[in-house]
Amino acid sequence: MITQLNHLLFFAPVLSEKTITQAHNPSFISFKSRLFCNYGFDNHPRASLVESPQSPTTSGRVSRYARTEAQKVLFDYLHCTRSLGFADAEHISKNSPHFLQNLIMKLDSEKDVARSLRKYLRYNPINEFEPFFESLGLPPSELPLFLPRRLMFLSDDHLMLENFHVLCNYGIPRSKMGKMYKEAREIFAYDYGLLASKLRAYEDLGLGMGTVIKLVSCCPSLLIGQIKMEFIKVLEKLSKLGIEEDWIGGYISHKSTYNWNRLVDTLDFLAKVGYTEIQMHDLFKSNPSLLLEDSGKKVYVLFGRFVKLGLKMDEAYSIYKQNPVILSGKYVKNILRAVDFLFDIGLGTEDIAGIVSHQILLLGSCTLKGPKTVCKELKVGKEGLCLIIRDDPSKLFTLASKSKLKSSEQASCQNPAKQMEKTTFLLKLGYVENSDELAKASKQFRGRGDQLQERFDCLVNAGLDCHVVTNIVRHAPMVLNQSKDIIQEKIDCLRNCLGYPLHTIAAFPVYLCYNMERINTRFSMYRWLRDKGAAKPNLSLSTVLACSDARFVKYFVDVHPEGPSMWESCKKHGLHNHS
């Protein structure tokens, strides 16, 4: 408040002095809106640039040059004049475009923005909370709701600045703090040292700093009051399933809100319906959104739909217990969509319940077209379609599925656990659940999940580090599209016949993708040439194998007079293609 009074006392005599100067100096830069008295605290506690109207002669567009110059001026004002820290002043000036645009619009032109704004700020103090809150990510339209009454200068709210700096120093992005201020304003009023102690308390639960940062920026209410016991229960239950504490930090989102009590209830519910700890571990590891998206709401929505269909509680429990895979991937969405499809065409509740009970896996595996589309294709009405499916429920999948299933594919849908195994394997390699990259990888890797894992283990057992093998197969997925025996044969050839160390595969994983005929013939030719002194020793695998046939002949065959005849001999005596 003392600072405010000093500014008011300073600005009061300047008003008349400025007016006199302008009257005698026609070239003096004029402003479209006079704000000299806008910040009288008793009458206009919230007056600000946010609320000031645009000039009717202003187009509303600000050039990049004008914005850049305005940023520099605002930085100088906040840092040099108002003594705000360098990092704070820089972030505010670069991340408050709406405030700067309104500021620039106070000028008659953009010709000398820097000089004009310096003069403007000299005689017109700004409400520093406006650009500050905007830089934290709060929408300009919401700023009036958060501007403190009777305060203009950030330095007047010592506790708010102190707690803001505690969060900054801990590593929480400034752009996320607007959400934190909006949802948990109390934490910005904590006394000195209290906020830091609360952050440390979550680390004491076994959470890494990165996880704590993600948690409190997504769920700032965790910092209000004591540590939430329901959150501790979630960690304890996940730990019991073999899921590490920091797992949760990798999947929570700023776009969602979290009900920790409901998460606890979801975990208890799944245990009640018969899911084992191993099943829940695999389920959440492969499909984190099931638990964390809407705090487990999908689980209850599906169960509620079963009950509404007339299934008894024990029957609904049995569906979960016998088909744990139905909560994976897109199963929940597909099942709910299929039930809506059947209701839409007029099928009775009892008939729908029968289809759900006996065809639940197929319902979850297939994405159905809309009823109107199917009716149009078949040239029948909904009543006709209803009769067709009532007489033969399997027609639902052959007629309405978006992808026409072959008999082998339909059998695979009947046993989606195999696809689940493959997805689980790919998730272990670092692919993200439900991502386009995962879908693409699923097509590139051929074989069941257990087969892929066996081939992966073959490389690890050969002596390669697990992380190295992960990088190899992500870089060259076709490596795992070969049988374990072929992979082992190529590793033995590398070590015992070619004389290369195993780690060379890490630099050139595609070696494992070439057939044995190419490997043997080319290296036979290279060894002969090296023995004749016509080739450098210790050439890399890629130099010998990766070049085209024409290039190989030019640099490894034609360089010696006897080369062509030797090359023909190598090809005749080369091994047959084993891959």
To the nearest 0.5 Å, what is the distance between [atom1] on [X] and [atom2] on [Y]?
{"X": "Leu459", "Y": "Lys484", "atom1": "CG", "atom2": "NZ", "answer": "11.0 Å"}
{"X": "Phe306", "Y": "Ile360", "atom1": "CZ", "atom2": "CD1", "answer": "4.0 Å"}
{"X": "Cys513", "Y": "Ile486", "atom1": "SG", "atom2": "CD1", "answer": "11.5 Å"}
{"X": "Leu529", "Y": "Glu562", "atom1": "CG", "atom2": "CD", "answer": "11.0 Å"}
{"X": "Tyr511", "Y": "Leu494", "atom1": "OH", "atom2": "CG", "answer": "4.5 Å"}
{"X": "Asp246", "Y": "Thr211", "atom1": "CG", "atom2": "OG1", "answer": "3.0 Å"}

For [Y] together with [X], are the ring centres under 6.0 Å from each other?
{"X": "Phe303", "Y": "Phe269", "answer": "yes"}
{"X": "Phe75", "Y": "Phe86", "answer": "yes"}
{"X": "Phe523", "Y": "Phe556", "answer": "no"}

| task | Side-chain contact test, heavy atoms from C-beta onward, threshold under 4.5 Å: evaluate it for Pro173 versus Lys176 and give yes or no. | result | yes
| Taking the side chain as C-beta and beyond, is there a heavy-atom pair between Val212 and Leu199 under 4.5 Å? | yes
| Got a donor-acceptor contact below 3.5 angstrom from the Glu568 side chain to the Ser565 backbone? | no
| Side-chain donor or acceptor of Tyr258 paired with backbone N/O of Ile252 under 3.5 Å | no
| field | From CA spacing to verdict: side chain to side chain contact (heavy atoms under 4.5 Å, CB included), Leu396, Leu368 | value | CA-CA 9 Å; Leu396 171 66; Leu368 303 183; 3.9 Å; yes
| request: Cation-pi check, Arg200 to Tyr202: give yes when NZ or CZ is under 6.0 Å from the six-membered ring centre and within 45° of the ring axis, no otherwise. | output: no
| Taking the six-membered ring of Phe552, is the NZ or CZ of Arg522 close enough (under 6.0 Å from the centre) and on axis enough (within 45°)? | yes
| request: Identify the heavy atoms of Met180 and Leu167 that sit nearest to each other, and give their distance. | output: CE-CD1, 4.0 Å
| message | Please give me the minimum heavy-atom distance between Tyr251 and Leu292, naming the atom from each residue. | response | CB-CD1, 3.5 Å
Should the heavy atoms of other residues, nucleotides or ligands under 6.0 Å from [atom1] of [X] be counted, would the total exceed 12?
{"X": "Lys179", "atom1": "NZ", "value": "yes"}
{"X": "His475", "atom1": "NE2", "value": "no"}
{"X": "Asn538", "atom1": "CG", "value": "no"}

| query | Using the ring of each side chain (for Trp, its six-membered ring), is Trp260 parallel, tilted or perpendicular to Phe231, with breaks at 30° and 60°? | reply | perpendicular
Donor-acceptor pair between [X] and [Y] side chains, under 3.5 angstrom:
{"X": "Ser524", "Y": "Thr521", "result": "no"}
{"X": "Asp392", "Y": "Ser394", "result": "yes"}
{"X": "His91", "Y": "Asn95", "result": "yes"}

Output all residues satisfying salt bridge (charged side-chain N to carboxylate O under 4.0 Å, His left out) with [X], sequence neighbours left out; order by chain, then residue number.
{"X": "Lys237", "answer": "Asp268"}
{"X": "Arg262", "answer": "none"}
{"X": "Glu69", "answer": "Lys72"}

| Testing Cys168, Pro220, Ser135, Ser217 for side chain to side chain contact (heavy atoms under 4.5 Å, CB included) with Met177, which one passes? | Cys168
| task | Output, in order, the C-alpha distance, side-chain angles, deciding distance and verdict of side chain to side chain contact (heavy atoms under 4.5 Å, CB included) for Met478 and Gln444. | result | CA-CA 7 Å; Met478 63 286 283; Gln444 291 176 323; over 6 Å; no
| query | Do Phe508 and Thr504 pass the side chain to side chain contact (heavy atoms under 4.5 Å, CB included) test, and can you show the C-alpha distance, the side-chain angles, and the key distance before you say yes or no? | reply | CA-CA 6 Å; Phe508 186 59; Thr504 54; over 6 Å; no
| query | Are Asp549 and Lys554 within salt-bridge range, i.e. N to O under 4.0 Å? | reply | no
